[in-house]
Amino acid sequence: MPVTVYTTTRCPYCVMLKNFLKENEIAFQEVNVESHPEKMQQLIRTTGQMGVPQTEINGQWIIGFDPNSIMEALQK
């Protein structure tokens with residue numbers, strides 16, 4: 001199941017999220033929206049949210065560092 005994490009360089013919750021995914025051996029693709037500002041605009045249009053991290057799991061969006069929602073989405 002594809003997992004994409006949208007992050008910024010200075011976001012502590014982004015680091016926590018990436019560490020959580022690594023510790024649970026969940027493969028993910030990271031998109032740094034500072035390096036790719038067009039992706040930030042796409043996120044705002046898609047989710048209506050400006051904050052990071054934002055995680056997309058098989059079309060479902062999880063806003064912020066929310067391990068429980070991530071695990072639930074992976075079980076669907």
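Residues take their numbers from the sequence shown, with the count starting at 1.
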Name of the residue among M40, Q41, H36 meeting side-chain contact (heavy atoms from CB on, under 4.5 Å) with E38
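Option passing the side-chain contact (heavy atoms from CB on, under 4.5 Å) with E38: H36.
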Listing, residues 7-17 side-chain donor-acceptor contacts under 3.5 Å, not counting sequence neighbours, or none:
residue : atom : partner : partner atom : Å
T7      : OG1  : E30     : OE2          : 2.7
T9      : OG1  : N32     : ND2          : 3.1
T9      : OG1  : E34     : OE1          : 2.5
R10     : NH2  : E34     : OE2          : 3.1

Could you check if a side-chain atom of V5 sits within less than 4.5 angstrom of a side-chain atom of L21, using non-hydrogen atoms only?
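Yes, their side chains come closer than 4.5 Å.
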Should F28 and Y6 be regarded as members of a common hydrophobic cluster, given that ILVMFWY residues are connected when their side-chain heavy atoms come within less than 4.5 Å of each other, either directly or indirectly?
no
Output a table of donor-acceptor pairs, distance under 3.5 Å, between side-chain atoms of residues 62-73 and any protein atom two or more places apart or on a different chain; print 'none' if there are none.
residue : atom : partner : partner atom : Å
D66     : OD1  : S69     : N            : 3.2
D66     : OD1  : S69     : OG           : 3.3
D66     : OD2  : S69     : OG           : 2.8

List the atom pairs, with distances to 0.1 Å, where a side-chain N or O of residues 43-58 and a protein N or O form a donor-acceptor pair under 3.5 Å, not counting sequence neighbours.
residue : atom : partner : partner atom : Å
T46     : OG1  : Q42     : O            : 2.8
T47     : OG1  : L43     : O            : 2.9
T47     : OG1  : Q49     : N            : 3.2
T47     : OG1  : Q54     : OE1          : 2.9
Q54     : NE2  : Q49     : O            : 3.2
Q54     : NE2  : G51     : O            : 2.8

